[in-house]
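Worksheet for the structure shown next.
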There are 2 protein chains.
Amino acid sequence: MTTIYEVATRAGVSLSTVSRVLNGNKSVNPALAEKVKQAASELHFTPSQKARSLASKHSHAIGIVLPNKHMLFASHLLFSFEHILRQHKKHCVIAFSHDTIESEVEAIEFLLSQGCDGVFVTTISSTTKHLHSLKDKIVTLSTGEAKATVTDLSASVAHCVSKAHHLLSEQGHTDIALVNDRKTVSQNETFLSLFKKQLIVNVEVDALSDPFLDPLLELMAKGEVFSAIICTNDVLVERVVNSAKELGMVLPSDLSIISSRPPNAHAEISSSLTYNVSSVAYSTLDMARAAAKKCFAAFYDDGLDEDSANPLSPIFLDYGSTAPFS
Amino acid sequence: MTTIYEVATRAGVSLSTVSRVLNGNKSVNPALAEKVKQAASELHFTPSQKARSLASKHSHAIGIVLPNKHMLFASHLLFSFEHILRQHKKHCVIAFSHDTIESEVEAIEFLLSQGCDGVFVTTISSTTKHLHSLKDKIVTLSTGEAKATVTDLSASVAHCVSKAHHLLSEQGHTDIALVNDRKTVSQNETFLSLFKKQLIVNVEVDALSDPFLDPLLELMAKGEVFSAIICTNDVLVERVVNSAKELGMVLPSDLSIISSRPPNAHAEISSSLTYNVSSVAYSTLDMARAAAKKCFAAFYDDGLDEDSANPLSPIFLDYGSTAPFS
DNA sequence: TTGTATGCGTTATCAA
DNA sequence: TTGATAACGCATACAA
C-alpha cells in the first residue's frame with residue numbers, strides 16, 4: 001500500500017502539504033498542488049480510510065437499519081441510498097432489525113459501535129430513552145404522524161391521501177370516498193375533514209383476511225353517491241376493483257380508483273393486481289435523496305448542498321384508473 | 001469515548017494487559033483479567049474499531065456486492081449473511097453492481113478502497129484480469145459451472161436438477177422428463193445422461209414470452225411416457241401445471257412436478273403459482289453460512305470453525321406436488 | 001506473565 | 001503558504 005509519505009517524497013514536499021492538496025480545503029501553491037496530484041496519481045495513491053477515520057472525527061461510514069428479509073420496499077430505498085452515498089465517497093454499513101424494537105436498538109448500537117458516523121433507520125423508528133442520548137447520530141424514516149425526537153424524514157400516508165384527494169378534486173370529483181386501513185389516518189382530523197363522514201370506510205387490518213369483506217358494498221350501503229375512491233392499501237384496491245367489475249361498472253369512467261400507498265411501499269404498480277391502478281406514493285429515490293441530505297446535515301458539518309429545499313412529497317403515478325368527473 | 005488507557009488505569013494495569021484480556025489470545029493472570037473485565041464493563045468500554053483496524057491488519061468489515069434494486073433473492077441472502085457476520089463482530093458494507101461487469105468491478109474496488117477486508121460478490125462473478133490481482137480478497141457466488149479463479153461458492157442448477165432426479169428416482173419414477181431453460185445444464189453431459197434424450201425439452205429464455213409455448217405438449221408429442229417432470233424455471237412450471245390441468249390430469253398422482261430452482265432464486269414457493277410446487281433449491285441460509293465461512297477463511301487467518309465441512313447442497317421443499325410412482 | 005515503546009497512516013496544531 | 005510534530009486509540013514486538 002502506498003502511503004501519503006511516499007507521495008510526499010516523490011513530489012518533493014512534506015506530507016502535510018500532500019494532505020492539504022488531497023483534501024483541498026486549505027490554500028496551497030498551485031504549482032505544488034499540481035506536483036502532488038501528479039505524484040499521487042502516478043503512485044495510484046488511495047488514502048487509507050482506516051488511518052483517516054482514526055485521525056479525523058469521521059469514518060465516512062453511514063449505517064442503515066433494514067427491516068427484515070422481505071425487504072421489498074427497503075431494497076429500493078437502499079439501492080438509491082447507497083448510490084448517493086457512494087457518489088459522496090461515503091459507504092453504507094447495514095444491519096437488520098428483525099421487526100422488533102429490541103433488535104432495532106441492537107442494530108443501531110452495533111452500527112455505532114462499528115464506527116459509523118450515524119445511522120439511518122428505515123424501520124420502526126422507535127425513539128426510546130435508550131436512544132435519546134445518541135439522537136444526533138440517528139435519522140429515522142418516520143412513516144407515522146407521531147414525531148420522533150430524533151431527526152426524521154416525515155413521510156405519511158395521510159399526505160398521500162391528501163394528495164390523492166387533491167388530484168381527484170382537480171378532476172372535478174366532489175364526492176370522494178375513502179377506504180382506509182390506517183389508524184394514523186383515521187385519527188387525523190385534518191385529512192378526514194376532506195371527506196364526507198359517510199364516505200369513509202375503516203377496515204381493520206386483521207379483517208382483511210376475510211374474503212367476503214367488500215368495502216365497495218359497504219360504501220354503497222350508506223346510500224350516498226360517489227364518483228371516486230381512495231384506498232390506503234393494495235388489498236383494498238383489489239377488493240374494490242373486483243367488486244366494481246362484478247357490479248358491471250366500467251372503470252374508470254364509472255368510478256375512479258386511486259391507491260394511496262403507505263410510505264414504506266413501492267412506488268411501483270403491484271403485479272398482483274389485475275387492473276392497473278393509479279397511485280399516490282413516495283418515490284424511493286426521493287426518499288433516499290432526502291435521507292441522505294438529512295444524514296449529511298446531521299452527521300457532518302458540511303451539509304449536502306445540491307438542489308436544496310425540496311421537501312419530501314408524494315408523487316402521482318398515473319396508470320389510467322382515474323377519469324375526470326363528468 | 002472511553003479508551004483502553006482509562007480502563008488500564010482503573011484496573012491498575014498497563015494498557016497492553018487490557019488489550020490482551022479483551023482480545024483473549026495471550027495468557028494472562030486470571031485475577032488481573034477479572035479486574036480488567038470489571039473495569040471495562042464499569043466504564044462501558046467499547047474498543048474503537050477505527051483505532052483497532054489501523055493498528056491491526058483487519059478492519060473487520062466485509063463488503064458485499066448486490067445485484068440491483070430488485071433484489072428478491074439477494075435480500076434473503078444478505079439478511080442471513082449479516083446475521084452471521086454480526087455474531088462474529090464483523091460488519092457488512094454494501095455496494096450495488098447494476099448488473100454490468102463494469103459496475104461490478106467499480107463496486108468491488110470501492111468496497112476495497114473503503115477498507116473492507118474482503119468482498120463477497122453475489123452477482124455476475126466476473127473474474128477479469130483486472131480483479132485477478134486481488135483475488136484473495138474476493139469470494140464469489142458462482143452460479144454457473146465455469147469455475148472462477150477466485151474463491152467461489154459453487155452452486156449450480158445442475159446440482160438441483162440432479163437432486164430432483166434423485167428424489168424422483170427414490171419415489172420409483174423411472175421415466176423422468178426435463179424441461180430446461182438453462183444453457184449451462186443443457187451442456188452438462190453428466191446430468192443430462194440421467195434423462196432419456198427424448199424426455200428433454202430445451203426452451204430458449206426469450207421463447208418464454210410466447211404464451212402458446214407448451215412444454216408438456218412438446219413432451220407428449222415425442223410419444224414417450226413419463227411420470228414426472230423437472231422444470232428449471234417457475235414460468236415453465238406454471239405452463240406445465242396449467243397444461244396438465246387442461247388435459248384433465250390429476251396432480252400429482254398422474255404427474256409429479258418438481259421445480260429445480262436456480263441458485264439465485266428464493267428457496268420459497270412462488271406466490272404467482274396457482275398450484276404449490278415442490279422444489280429443489282439452495283437455502284439462502286445455507287448459502288450465507290457457506291459464504292461467511294469462505295470469507296473468513298479467505299480474509300482472515302483463523303477460519304470459522306463451527307460445524308465444519310457441510311458442503312453447499314440443495315434442499316428439498318416438499319409441497320406435495322410429487323407422488324410415488326405406482 | 002506483565003509493562004514499555006513503537007508503529008499504523010492520516011489529520012490537525014502549531015511555528016516558521 | 002509550508003513543514004515539523006503531536007495526537008488518534010489500539011496492537012504488538014520486545015524487554016523486564
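Fair warning: this is a prediction, and the values are worked out from it, not measured in the lab. Every chain is numbered from 1, with letters handed out A, B, ... down the list of sequences.
To the nearest angstrom, C1' of D/dA7 lies 12 Å from CG of B/Leu54. Note: NZ (B/Lys50) to C1' (D/dA7) measures 14 Å, nearest angstrom. Here D/dG9 presents its C1' atom at 13 Å from CG of B/Asn23, a figure rounded to the nearest Å. Counting to the nearest Å, the P atom of C/dT11 and the CD atom of A/Gln49 are 9 Å from each other. B/Tyr5 places its OH atom 15 Å from the C1' atom of D/dA7, with the value rounded to the nearest Å. In this entry the distance linking CG of B/Leu43 with C1' of D/dC10 reads 16 Å, nearest Å. Here D/dG9 presents its C1' atom at 14 Å from NZ of A/Lys57, a figure rounded to the nearest Å. Across the protein-nucleic acid pair, B/Ile4 atom CD1 and D/dG9 atom C1' stand 8 Å apart, rounded to whole Å.
Contact annotation for A/Val13: backbone-only contact, meaning every heavy-atom pair under 4.0 Å involves sugar-phosphate atoms and none involves a base. Backbone-only engagement by B/Leu32 is indicated by non-hydrogen atom pairs under 4.0 Å involving sugar-phosphate atoms exclusively. Within 4.0 Å (heavy atoms only), A/Ser16 reaches at least one base atom of the nucleic acid.
In the set C/dT13, D/dA13, C/dG7, C/dT13 carries the atom at the smallest distance from any side-chain atom of A/Arg20. Nearest nucleotide to the side chain of A/Asn29, out of D/dT2, C/dG3, D/dT5: D/dT2. Here the side chain of B/Phe45 is nearest to one of D/dT2, C/dG9, D/dC10, namely D/dC10. The B/Ala55 side chain lies nearest to D/dC10 when the options are C/dT2, D/dC10, C/dG9. When each of D/dG9, C/dT11, D/dA11 is scored by its nearest atom to the side-chain atoms of B/Leu15, the top-ranked nucleotide is D/dA11.
For the pair A/Ser48 and B/Val28, both in contact range of DNA chain C, the more 5′-proximal nearest nucleotide belongs to B/Val28.
Dashed line: the shortest gap from a side-chain N or O of A/Arg52 to OP1 or OP2 of C/dG9 is not under 4.0 Å. Put simply, B/Ser19 has a side-chain N or O that comes within less than 4.0 Å of OP1 or OP2 on D/dA11. Using a 4.0 Å cut-off, no side-chain N or O of B/Ser14 falls inside it from OP1 or OP2 of C/dT4.
Of all non-hydrogen atoms in A/Lys57 and A/Asp117, the two that sit nearest each other are O-OD1, 4.2 Å. Heavy-atom minimum distance, A/Phe81 versus A/Cys295: CZ-SG, 4.0 Å. Considering every non-hydrogen atom in both B/Leu77 and B/Thr284, the closest pair reads CD1-O, 3.6 Å.
Aromatic rings of B/His98 and A/Phe79 (six-membered ring for Trp) have centroids within the 6.0 Å cut-off, being under it.
Remark: A/Lys90 NZ is packed, more than 12 non-hydrogen atoms of other residues, nucleotides or ligands lying under 6.0 Å away.
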